[in-house]
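To find a chain, count down the sequence lines: A is the first, B the second, and so on, and within it residues start at 1.
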Amino acid sequence: MDKEKAILIKINGELRDLGTPAGPGDRVEEVYPHSPEALEVYRHSASHLLAQAVLELFPGTQYGVGPAVENGFYYDFLTARPLAESDLDAIAKKMAHLARQNLPIRRELWSKEQAREHFRRQGQTLKLELLEEKVAGDEVSVYRQGEFVDLCRGPHLGATGLLQHVKLLSVAAAYWKGDERSHSLQRVYGTVFPDAAALAEHLRFLQEAKERDHRLLGRQLDLFSLQEEAGPGLVYWHPKGARMRHVIEAYWKQRHYEGGYELLYTPHIGREWLWQTSGHLGFYKDSMYAPMAIDEMNYYLKPMNCPFHIMVYKSSQRSYRDLPLRWAELGTVYRYERSGTLHGLLRVRGFTQDDAHIICTPEQIDDEILRVLDFSLDLLRSFGFQEFKIELSVRDPQAAGKYAGSDAMWVQAEASLVKALSVRQLAYQRMEGEAVFYGPKIDIKIKDALGRFWQCTTIQFDFNMSERFGMKYIGADGAAHQPYMVHRALLGSLERFFGVLIEHYRGFFPLWLAPVQAVIAPLNDDCLPYGRRVLEELRRAGVRAELDARAEGVNRKIRDAEKQKVPYILVLGPQEEKAGNLSYRIHGQGDKGKIALSEFLQKIKILVEGKSQHYEIQ
RNA sequence: GCCGAAGUAGCUCAGCUGGUAGAGCAAUUGAUUCGUAAUCAGUAGGUCGGGGGUUCGAAUCCCCCCUUCGGCUCCA
């Protein structure tokens with residue numbers, strides 16, 4: 001392989017344009033196209049190329065910001081008319097044209113006044129705003145390629161000719177500076193790679209993600225639906241989806257009982273008093289469904305389960321000897337999510353949280369947090385997820401006043417979260433100021449088969465509710481104390497988790513989750529009675545089986561079952577009937593030969609119990 | 001909620017500049033009874049997302065609304 005030419009350099013570890021002069025004693029390293037740092041620069045330079053192309057094609061366009069992002073880049077424009085997907089071709093052509101010209105990309109240092117003058121002349125008010133807001137000193141670096149000049153810190157590639165493998169992906173709206181009261185800009189998304197193969201690989205990944213889309217698979221496999229007439233963001237679980245949910249719930253309940261939890265069932269609506277007391281009507285009203293007036297009293301659908309669990313707590317006097325209490329509920333809540341945010345199962349308006357509240361003494365909190373953390377990771381692993389991203393959200397030290405709970409509680413809460421993470425030697429990211437006002441929290445995201453992360457677990461301290469409802473327990477000292485309350489959901493919501501499972505497995509669920517584990521395909525109608533007997537036996541053994549009794553050939557029955565991603569297809573003909581056994585196929589692998597029914601049952605039982613990730617019968 | 005795009009049979013989609021809808025799959029009926037990924041033939045299915053308007057005439061043009069999609073913002 002040819003030695004690649006360096007496209008950037010690092011001076012004392014800092015990425016710079018190729019050709020940046022180094023001082024004496026500086027440590028200089030070359031950076032090659034296929035390094036991760038280079039990719040970021042490719043993206044950033046591609047965004048400049050995009051802006052250059054758009055400005056040339058649509059004169060009078062204002063350009064905003066255009067950073068490299070995960071998987072690509074974008075640039076925001078204020079255009080005379082909105083851009084459409086159909087404009088992307090023309091833009092891409094223009095970019096390719098500019099790339100072929102191999103324009104040098106040059107860094108220049110301007111005085112602020114010079115930049116001001118330049119952008120004023122060009123009528124680029126967005127850039128003028130950026131200039132005033134972002135540039136502190138009097139000197140500012142700009143990058144020029146041809147006529148195009150952009151305010152930029154850099155670094156950049158040396159010339160546009162390096163940007164050969166670009167793909168524009170979509171155009172969408174974005175607010176100027178993320179502020180929804182501000183202009184709506186046109187954001188063009190694209191991706192770029194140093195070579196054609198890497199670009200093709202990424203496009204394959206996008207295609208794959210599209211094919212895994214849970215909304216598509218949900219329909220193909222008849223798992224669930226969302227229905228226009230019945231209201232947006234409300235999920236209908238079809239029989240097959242419902243079976244999976246049942247399996248998930250049964251396992252979840254079993255694990256909770258084993259883990260020292262008790263289960264609760266609480267109502268779906270509650271009187272205004274409850275939400276007044278909880279504070280939801282104060283800070284959460286916009287996200288709640290409007291009240292129902294019954295007997296001159298307002299009732300609200302619950303957006304959270306906490307107040308209900310607290311009511312159970314307060315139904316009798318509690319002693320320190322009762323604690324910790326761990327109360328779990330698959331609690332269905334309704335939240336009025338903004339219409340534009342709804343997305344399949346991943347963002348809905350009615351969903352079931354796998355919720356629990358742990359109420360304990362301050363002395364118990366370290367143990368309880370560790371316990372929840374272990375529980376969560378273990379539960380997620382049993383669904384086949386192996387990699388996690390953990391975030392610890394703590395309060396903003398600058399604004400201590402806006403938080404519920406005492407300072408001491410925050411300090412202890414944070415300490416016990418950190419302690420649990422470090423005892424288990426888990427890497428985490430500390431999110432300063434990301435805590436909710438009512439307490440610090442740990443969030444766990446799971447990595448799916450495509451490397452995407454999905455938020456599931458949240459473990460949150462809640463100092464607000466316990467305060468507002470005046471939760472108390474009698475301590476060993478005979479005095480009343482405020483307990484700690486931890487609110488946690490491990491899977492997050494069953495809807496979202498289901499959506500993630502579908503995408504992670506691409507519909508090829510592990511046997512223990514598969515809605516239909518086996519389809520029986522009798523060869524002809526004469527074999528139907530034997531088919532029915534096998535069906536009975538499978539069902540009695542707890543196998544989720546179906547009999548394909550249509551007047552179709554085996555080929556057709558096999559094809560349809562394969563398309564439904566059923567793990568096993570059992571072909572029954574005169575031979576099998578005579579021998580009292582069955583021929584089985586494993587999904588995607590074809591005929592695996594004959595096996596006795598009892599042996600089949602026994603072996604797949606092992607796979608189910610082991611939550612196996614494959615269907616192979618050993 | 002905001003910006004843009006879209007909505008035609010259960011599903012996937014075709015229907016050019018206005019002249020009262022079409023395919024494949026699915027469904028259904030009949031025949032076929034088949035050895036490892038689509039048996040053959042017939043039939044039925046749509047006030048073209050909803051409402052209003054323009055027009056002799058609207059799936060097609062205009063307005064309002066609903067839903068979905070791509071994002072922004074937000075989040076389990």
Side-chain angles (χ1 to χ4, degrees), chain A residues 74 76 78-79 81-87 169-189 213 215-216 219-220 222 225-233 286-287 303-305 331-333 335-355 436 443-445 454-458 460 487-497 499-500 521-528 550-564 569-576 583-585 587-593:
Chain A
Y74 68 77
D76 285 346
L78 188 55
T79 48
R81 67 158 175 88
L83 297 175
E85 299 270 328
S86 53
D87 293 317
L169 297 168
S170 64
V171 50
Y175 299 109
W176 175 233
K177 292 186 280 196
D179 180 353
E180 60 183 293
R181 286 158 308 187
S182 197
H183 313 282
S184 184
L185 306 179
Q186 299 291 303
R187 175 170 297 180
V188 177
Y189 283 93
D213 192 316
R215 293 167 298 184
L216 187 69
R219 173 177 289 293
Q220 283 171 3
D222 198 16
S225 62
L226 295 146
Q227 295 178 43
E228 174 176 350
E229 300 85 345
D286 291 347
S287 296
M304 290 178 187
N305 303 300
T332 303
V333 299
R335 298 182 184 174
Y336 178 78
E337 300 290 348
R338 299 165 85 183
S339 59
T341 63
L342 300 175
H343 179 94
L345 293 177
L346 301 180
R347 191 73 189 278
V348 294
R349 284 187 176 159
F351 57 99
T352 301
Q353 293 181 306
D354 68 316
D355 212 351
V436 215
D443 289 329
I444 303 177
K445 297 179 178 181
W454 306 92
Q455 157 108 46
C456 291
T457 300
T458 184
Q460 311 184 338
H487 164 112
R488 48 113 280 200
L490 304 185
L491 307 178
S493 91
L494 293 180
E495 284 75 8
R496 169 181 288 180
F497 191 71
V500 174
L523 209 60
N524 57 45
D525 287 356
D526 293 339
C527 310
L528 270 178
R550 293 176 301 169
E552 296 284 352
V554 251
N555 282 336
R556 179 53 179 269
K557 293 178 181 178
I558 288 169
R559 180 182 156 83
D560 289 348
E562 292 275 353
K563 273 174 47 183
Q564 284 297 303
I569 301 170
L570 312 179
V571 177
L572 303 183
Q575 296 169 21
E576 288 78 9
S583 288
Y584 76 103
R585 295 174 54 107
H587 181 277
Q589 298 185 23
D591 192 1
K592 303 296 278 188

Undergrad: Given the C1' atoms of B/G10 and B/A44, what is the spacing between them in whole Å?
TA: 13 Å

Undergrad: Could you check whether the side chain of A/Q186 and the base of B/G71 have a donor-acceptor pair of N or O atoms closer than 3.5 Å, going by distance alone?
TA: no

Undergrad: Does A/R335 have any side-chain contact (heavy atoms from CB on, under 4.5 Å) partners at least two apart in sequence or in another chain, and if so, which?
TA: A/Y284, A/P303, A/M304, A/V333, A/E337, A/F351, A/Q353

Undergrad: Could you list, one pair per line, each protein nitrogen or oxygen that sits under 3.5 Å from a nitrogen or oxygen of nucleotides 11-13 of chain B, together with the distance?
TA:
none

Undergrad: Nearest heavy atom decides the nucleotide; on that basis, is A/P82 or A/A172 closer to the 5' end of RNA chain B?
TA: A/P82

Undergrad: Is A/S493 touching bases, backbone alone, or none of the nucleic acid, heavy atoms closer than 4.0 Å?
TA: base

Undergrad: Just do the side-chain contact (heavy atoms from CB on, under 4.5 Å) check on A/I569 and A/H587 with the steps written out, would you?
TA: CA-CA 7 Å; A/I569 301 170; A/H587 181 277; over 6 Å; no

Undergrad: Measure all distances between protein nitrogen or oxygen atoms and nitrogen or oxygen atoms of nucleotides 26-30 of chain B, and list the pairs falling under 3.5 Å.
TA:
from  : atom 1 : to     : atom 2 : distance (Å)
B/A26 : OP1    : A/R556 : NH2    : 2.3

Undergrad: What does nucleotides 43-50 of chain B look like as a protein-contact string, B for base, S for sugar-phosphate only, - for none, at under 4.0 angstrom between heavy atoms?
TA: --------

Undergrad: Just to be sure I understand the rule, does A/E562 reach a base, reach only the sugar-phosphate, or reach nothing, if contact means heavy atoms closer than 4.0 Å?
TA: base

Undergrad: Under 3.5 Å for both donor-acceptor distances, Watson-Crick or wobble: does B/A23 have a partner, and if so which one?
TA: B/U12

Undergrad: Quote, to the nearest angstrom, the C1' distance that separates B/C48 from B/A9.
TA: 10 Å

Undergrad: Would you kindly check whether a donor in the side chain of A/R347 faces an acceptor in the base of B/C74, or vice versa, at under 3.5 angstrom?
TA: yes

Undergrad: When rounded to the nearest Å, what value does the distance between C1' atoms of B/G19 and B/U55 take?
TA: 12 Å

Undergrad: Identify the nucleotide, in any strand shown, that forms a Watson-Crick or G-U wobble pair with B/C2, with both distances under 3.5 Å; if there is none, say none.
TA: B/G71

Undergrad: Taking OP1 and OP2 of B/C75, is either one under 4.0 Å from a side-chain nitrogen or oxygen of A/Y336?
TA: no

Undergrad: Tell me whether the OP1 or OP2 atom of B/C69 has a side-chain N or O from A/R215 closer than 4.0 Å.
TA: yes

Undergrad: Quick one: A/Y175 OH to B/U73 P, roughly how many Å, whole number?
TA: 9 Å

Undergrad: So, does the side chain of A/R559 form a donor-acceptor pair with the base of B/U36 at under 3.5 Å?
TA: no

Undergrad: Using the C1' atoms only, state how far B/G53 lies from B/C72, rounded to an integer number of Å.
TA: 34 Å

Undergrad: Which residues satisfy the side-chain contact (heavy atoms from CB on, under 4.5 Å) test with A/D286, sequence neighbours excluded?
TA: none

Undergrad: Quote, to the nearest angstrom, the C1' distance that separates B/C2 from B/U73.
TA: 9 Å

Undergrad: Rounding to an integer number of Å, can you tell me how far A/H343 NE2 sits from B/U73 P?
TA: 16 Å

Undergrad: With rounding to the closest Å, how many angstrom separate the C1' atoms on B/U8 and B/U28?
TA: 23 Å

Undergrad: Between A/R215 and A/D213, is the closest basic N to carboxylate O distance under 4.0 Å?
TA: yes

Undergrad: Given that both distances must come in under 3.5 Å, which nucleotide forms a Watson-Crick or G-U wobble pair with B/U32?
TA: none

Undergrad: Just to confirm, is there a sub-4.0 Å distance from OP1 or OP2 of B/U36 to any side-chain nitrogen or oxygen of A/N555?
TA: no

Undergrad: Nearest whole angstrom, please: distance from the C1' of B/G70 to the CG of A/L342.
TA: 14 Å

Undergrad: Taking atom types as they are modelled, is there a donor-acceptor pair under 3.5 Å from the base of B/U73 to the side chain of A/T341?
TA: no

Undergrad: What I want to check is whether an N or O donor and acceptor connect the side chain of A/D525 with the base of B/U33 at under 3.5 Å.
TA: yes

Undergrad: Going by ring-ring contact (aromatic ring centres under 6.0 Å, His included), name the residues that satisfy it together with A/Y189, two or more places apart in sequence or in a different chain.
TA: A/Y74

